[in-house]
Amino acid sequence: MEKNETELMLKGYGLTTAEIFYRMPDYIHVLNTFIWQDYDLAPDHPKLFNFIEFWQREIEGPLHSVRFTHRKMIAPGEWRNVVGEYRLN
């Protein structure tokens, strides 16, 4: 069963973005990029590393490098209870 984004973030997942540089199979001197994004757990990043293993096993374009960042979307102290709202015209 697929969980929604809010449930994942409350369980500690954050948005992981990876920029994958790979070589074209027929043109070895040409680098191409691929952007991968998913909710993943830091610091182990199991989904990202599973994707990289899949790439190496199934895709012909050999990897050159992978650069990634992780942003935990919900952190302690970012949530607060708002009792009212004031509007100024």
Side-chain angles (χ1 to χ4, degrees):
M1 182 175 183
E2 188 71 25
K3 301 209 182 268
N4 68 32
E5 294 173 359
T6 305
E7 289 174 351
L8 288 173
M9 288 187 285
L10 290 173
K11 290 185 177 188
Y13 283 77
L15 187 63
T16 301
T17 304
E19 184 177 20
I20 299 169
F21 294 89
Y22 65 96
R23 298 195 183 275
M24 299 294 291
D26 295 337
Y27 303 96
I28 195 161
H29 299 295
V30 176
L31 278 179
N32 227 351
T33 60
F34 179 80
I35 303 295
W36 176 90
Q37 234 180 14
D38 202 352
Y39 288 95
D40 209 353
L41 284 170
D44 296 331
H45 302 286
K47 287 186 178 182
L48 173 60
F49 290 120
N50 283 340
F51 179 75
I52 291 172
E53 288 171 4
F54 166 79
W55 184 292
Q56 291 175 329
R57 192 175 57 248
E58 301 292 332
I59 298 178
E60 289 183 26
L63 292 176
H64 175 269
S65 60
V66 177
R67 185 169 57 174
F68 69 95
T69 183
H70 178 83
R71 170 72 168 113
K72 196 168 190 173
M73 303 301 273
I74 297 177
E78 289 186 17
W79 286 90
R80 59 186 167 157
N81 186 18
V82 177
V83 179
E85 181 178 320
Y86 297 100
R87 292 183 152 205
L88 300 174
N89 291 340

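Throughout, numbering of the chain's residues begins at 1 and tracks the sequence. When reading the values below, keep in mind they use all heavy atoms of this one structure, side chains included, and skip hydrogens, waters and symmetry mates.
- When side chains are defined from C-beta on, F51 counts as touching I20, because their heavy atoms get closer than 4.5 Å.
- The side-chain heavy atoms of Y39 and L15, taken from C-beta on, include a pair separated by under 4.5 Å.
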Exercise. I would like to know whether D44 and F49 meet side-chain contact (heavy atoms from CB on, under 4.5 Å); could you show each step before the answer?
Key: CA-CA 8 Å; D44 296 331; F49 290 120; over 6 Å; no

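- Looking only at distances, a side-chain donor or acceptor of D40 sits under 3.5 Å from a matching main-chain atom of L48.
- Enclosure of atom CD1 in I35 by more than 12 non-hydrogen atoms of other residues, nucleotides or ligands within 6.0 angstrom is indicated.
- Side-chain contact between D38 and T16 is absent, with no heavy atoms from C-beta onward closer than 4.5 Å.
- Hydrophobic clustering (ILVMFWY, side-chain heavy atoms < 4.5 Å, transitive): L31 and W36 are in distinct clusters.
- Under the side chain to side chain donor-acceptor pair (under 3.5 Å) criterion, the residue pairs touching residues 21-34 are Y22-N32, with sequence neighbours excluded.
- I52 is connected to F54 through a chain of hydrophobic side-chain contacts under 4.5 Å among Ile, Leu, Val, Met, Phe, Trp and Tyr, so both are in one cluster.
- A perpendicular orientation is assigned to the rings of F68 and H45, their planes being inclined by more than 60° (bins at 30° and 60°).
- The heavy-atom pair separating V66 from A18 by the smallest distance is CG1-CB, 4.3 Å.
- The CD atom of E19 lies 12.0 Å from the CD atom of Q37; values are rounded to the nearest 0.5 Å.
- Scanning both residues, L41 and K11, for their nearest heavy atoms gives CD2-O, 4.3 Å.
- Within the structure, no pair that satisfies the side chain to side chain donor-acceptor pair (under 3.5 Å) test touches residues 48-62, not counting sequence neighbours.
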